[in-house]
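The structure under discussion appears below in the form of structure tokens.
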Amino acid sequence: LIDGEVHDDNAYVIGEKVSHAGLFGTIDGVCRTLLKAQDSYSLIQNTKRQSDHRFINGWDSVSNPSNTLAGSGATTNTFGHLGFTGTSMWITPETNTGVVLLCNEVLGYWNDRAKLNALRRSMEF
């Protein structure tokens, strides 16, 4: 039994249980987990955009590449995660590349995420 309380506006918007909510780990561990998810479960193939729905199997997707928090080089097929504390990860299937940003910044960006969003947008594939 997994039970907890989430204070994350993103979790409310997704509206379903997802495995990457509350993600904690090292950059090496997160990247190895994503590679294993690809190898074992065909993560990229199973997260293809089928409609205009924003969330795909619990993953966020890019609706507008020119105005996304996923960073430079993102496409409408890019999928990933925006975490409450600033953690972000995105995968672009066309280039088979991704970016991962791990941070824990709740206090500094809780009400004004402009600096955090600028950092997210500066990531490049």
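Quick note: numbers below take in every heavy atom, side chains included, and nothing from hydrogens, waters or symmetry partners.
The side chain to side chain donor-acceptor pair (under 3.5 Å) check on Thr68 picks up nothing, with sequence neighbours excluded. Residues satisfying the side-chain contact (heavy atoms from CB on, under 4.5 Å) criterion with Val99, sequence neighbours excluded, are Trp90, Met123, Phe125. When the side-chain contact (heavy atoms from CB on, under 4.5 Å) test is applied to Leu119, the partners found at least two apart in sequence or on another chain are Leu101, Ser122. For Asp52, there are no side chain to side chain donor-acceptor pair (under 3.5 Å) partners at least two apart in sequence or on another chain. Every residue two or more places apart in sequence or in another chain was checked for a side chain to side chain donor-acceptor pair (under 3.5 Å) with Glu124, and none qualifies. In this structure, the side chain to side chain donor-acceptor pair (under 3.5 Å) partners of Asp28, at least two apart in sequence or on a different chain, are Arg32.
Looking only at side-chain heavy atoms (C-beta outward), Trp59 and Leu43 come within less than 4.5 Å of each other. In this structure, the side chains of Ile56 and Gln50 stay at 4.5 Å or more apart for every pair of heavy atoms. At least one side-chain heavy atom of Asp60 sits less than 4.5 Å from a side-chain heavy atom of Arg54.
Of the possible donor and acceptor atoms, none in the side chain of Asn77 sits under 3.5 Å from a partner among the backbone N and O of Lys48. In terms of modelled atom types and a separation under 3.5 Å, the side chain of Gln38 and the main chain of Ile44 share a donor-acceptor contact.
Side-chain contact of Thr78 with Thr92: a donor-acceptor pair under 3.5 Å is present, judged by distance alone. For the 3.5 Å distance criterion, the side chains of Arg120 and Ser88 qualify, holding a donor opposite an acceptor.
Contact record, Arg49 with Ser61: NH2-OG, 2.8 Å, taken as the closest heavy-atom pair. For Val62 against Ala70, the heavy-atom pair with the smallest separation is CG2-CB, 3.8 Å. The minimum heavy-atom distance linking Leu116 with Cys103 is given by the pair CD1-SG, 4.3 Å. Pairing each heavy atom of Leu102 with each of Thr26, the nearest pair is CD1-C, 3.6 Å. When every heavy atom of Met89 is checked against every heavy atom of Val100, the shortest pair comes out as CB-CG2, 4.0 Å. Of all the heavy atoms in Ala74 and Pro65, the pair that sits closest is O-CB, 3.3 Å.
Residue Thr97 holds its OG1 atom at 9.0 Å from CD1 of Ile91, rounded to the nearest 0.5 Å.
Connection of Leu35 to Ile27 is not established within any shared hydrophobic cluster, with ILVMFWY side chains joined at heavy-atom distances below 4.5 Å, either directly or through further cluster members.
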